[in-house]
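Just so it is clear, the structure is predicted and the values come from calculations on it, not from any experiment. To find a chain, count down the sequence lines: A is the first, B the second, and so on, and within it residues start at 1.
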Number of protein chains: 2
Amino acid sequence: MTEKKENIIQAALDLFAQQGYHATSTSKVAQQAGVSEGLIFRHFGNKEGLLKAIIALGEERLRSLYADVVLETVPKKTIEKALRLPFSVPESEYDFWRLQYKLKWELPEHTSNKMEPLRVALTNAFQKLDYASPEMEAEFLIHFLDGLGSGLLKNDVAQKEKLLEYLMKTYKV
Amino acid sequence: MTEKKENIIQAALDLFAQQGYHATSTSKVAQQAGVSEGLIFRHFGNKEGLLKAIIALGEERLRSLYADVVLETVPKKTIEKALRLPFSVPESEYDFWRLQYKLKWELPEHTSNKMEPLRVALTNAFQKLDYASPEMEAEFLIHFLDGLGSGLLKNDVAQKEKLLEYLMKTYKV
DNA sequence: AAGTTTTGAGTAAGTAATCACTTATTTTTT
DNA sequence: AAAAAATAAGTGATTACTTACTCAAAACTT
């Protein structure tokens, strides 16, 4: 991975996040990266190839974000870590995650369901804690976390600490 | 509102929903609507004007969707109606709502926070029912409903009836 | 080690197609 | 006949992508 290739990815990350994939031209990406436009096509084949590189990056970072929750064996801690997950993302990374959310809607065909391992881990945790409907409990929580993540990225969540406090109390963790 | 103008809106609705706003050209909209391209600009001024007409339509339909929940005075029923809301949307309208979700990410500047009246209604309902933290309870539920809506539109929800059942039990409504 | 060949990174200047939008004119409605 | 609705045929700008080329470093040959 040469320096200029990394510059291209970083520029595309920035511009796709700000304006969206379709609204960003390859010439703008080249300009922001300080690179000739042709180099984008040498390295990535076409515009979609550049996008796929970025999506792959997102999936990798999502996996490593989940890893801590999924590998946890103590059920209460699994749930606690899941609840803390959306709040644990630093604001400096919001642009990056906003792009991933955006792409889920802009290009649904590229979107694998990355939530699955998290759902399994939560279902197991609720089961071990003798919840009546572990599967539904996990499904419920997954949708909440998805909605909360979306809300945080859009700055739609007013009192983060109070909400986290409430969650800890509700789930007794 | 002439027939051709309605055709334009319907075609734009379909195409924007399928491919996104930026990926859809005015010429394609005209073609699908069976109309000359110039007519779009006569009626809507520019492409963004057409988009705004569609956004206004979405806000109106969202308001009427919420109305039943917001106007309900019996607290338990407010909550029940809110929980049923995402499931009450017929699949034939999924394209329309998918577009609204998509636009929230693609053009956040055009997106007012339409959830506010629902949040107020839910907070009041939880308060009347003597919940310990009515505000947080409402916030929690709003994010869940948002995530659930997103999940339903992406066909990410496996057992809808079972989930609704679980919700009714959990909230005792 | 010196000389030769190959390769991969990079660029400048194109390409045809498509973009949002305009203008002049014709058709339809009232 | 006046006004409104609709169209056909354009406009320059921008799109994703290609072509023909340079240059430096790596690999191979002697």
Quiz question: by atom type and distance under 3.5 Å, do the side chains of B:Glu37 and B:Thr26 form a donor-acceptor pair? yes
How would you label the contact of A:Lys5 with the nucleic acid (heavy atoms, under 4.0 Å): base, sugar-phosphate, or nothing? nothing
B:Tyr166 six-ring face occupied by B:Lys169 cation (under 6.0 Å, within 45°): no
Would you grab the first and last nucleotide of DNA chain D (5' to 3') that comes under 4.0 Å of any non-hydrogen atom in chain B? D:dA4 to D:dT7
Given side chains that start at C-beta, do those of A:Gln10 and A:Leu13 come closer than 4.5 Å, heavy atoms only? yes
Tell me yes or no: between the side chains of B:Glu135 and B:Gln127, is some donor less than 3.5 Å from an acceptor? no
Mark yes or no: A:Lys47 above the aromatic ring of A:Tyr21, with NZ or CZ under 6.0 Å from the six-membered ring centre and no more than 45 degrees from the axis. yes
Restricting to non-hydrogen atoms, name the atom on B:Ile40 and the atom on B:Leu50 that form the minimum distance, rounded to 0.1 Å. CG2-CD2, 4.3 Å
Tell me whether the OP1 or OP2 atom of C:dG10 has a side-chain N or O from A:Thr2 closer than 4.0 Å. yes
Can you confirm whether B:Phe144 sits close enough to B:Leu167 that some side-chain heavy atom of one is under 4.5 Å from a side-chain heavy atom of the other? yes
Using a strict 4.0 Å threshold on nitrogen-to-oxygen distance, state whether A:Glu72 and A:Lys81 make a salt bridge. yes
Please tell me if the side chains of A:Leu65 and A:Val89 come closer than 4.5 Å, counting only heavy atoms from C-beta onward. yes
When you check the gap from the basic side-chain N to the acidic O, do B:Glu161 and B:Arg84 get nearer than 4.0 Å? no
Separation of atom CD in A:Glu6 from atom P in C:dG10, rounded to whole Å: 11 Å
Could you run down the sub-3.5 Å N/O contacts of the protein with nucleotides 14-19 of chain C?
unit_1: C:dC19; atom_1: OP1; unit_2: B:Ser25; atom_2: OG; d: 3.3
unit_1: C:dC19; atom_1: OP2; unit_2: B:Ser25; atom_2: OG; d: 3.4

Whole angstrom is fine here: how far is it from CZ in A:Phe44 over to P in C:dG10? 11 Å
Atom-to-atom span, CG of B:Asn46 to P of C:dC21 - whole angstrom: 5 Å
Both B:Ser36 and A:Gly45 contact DNA chain D. Taking the nearest nucleotide for each, which residue is further toward the 5' end? B:Ser36
CD/A:Glu137 to CZ/A:Phe126 distance, rounded to the nearest 0.5 angstrom? 5.0 Å
Under 4.0 Å protein heavy-atom contact, by nucleotide of nucleotides 24-30 of chain C - B base, S sugar-phosphate only: -------
Ignoring backbone atoms, test whether A:His43 places a side-chain nitrogen or oxygen under 4.0 Å from the OP1 or OP2 oxygen of C:dG10. yes
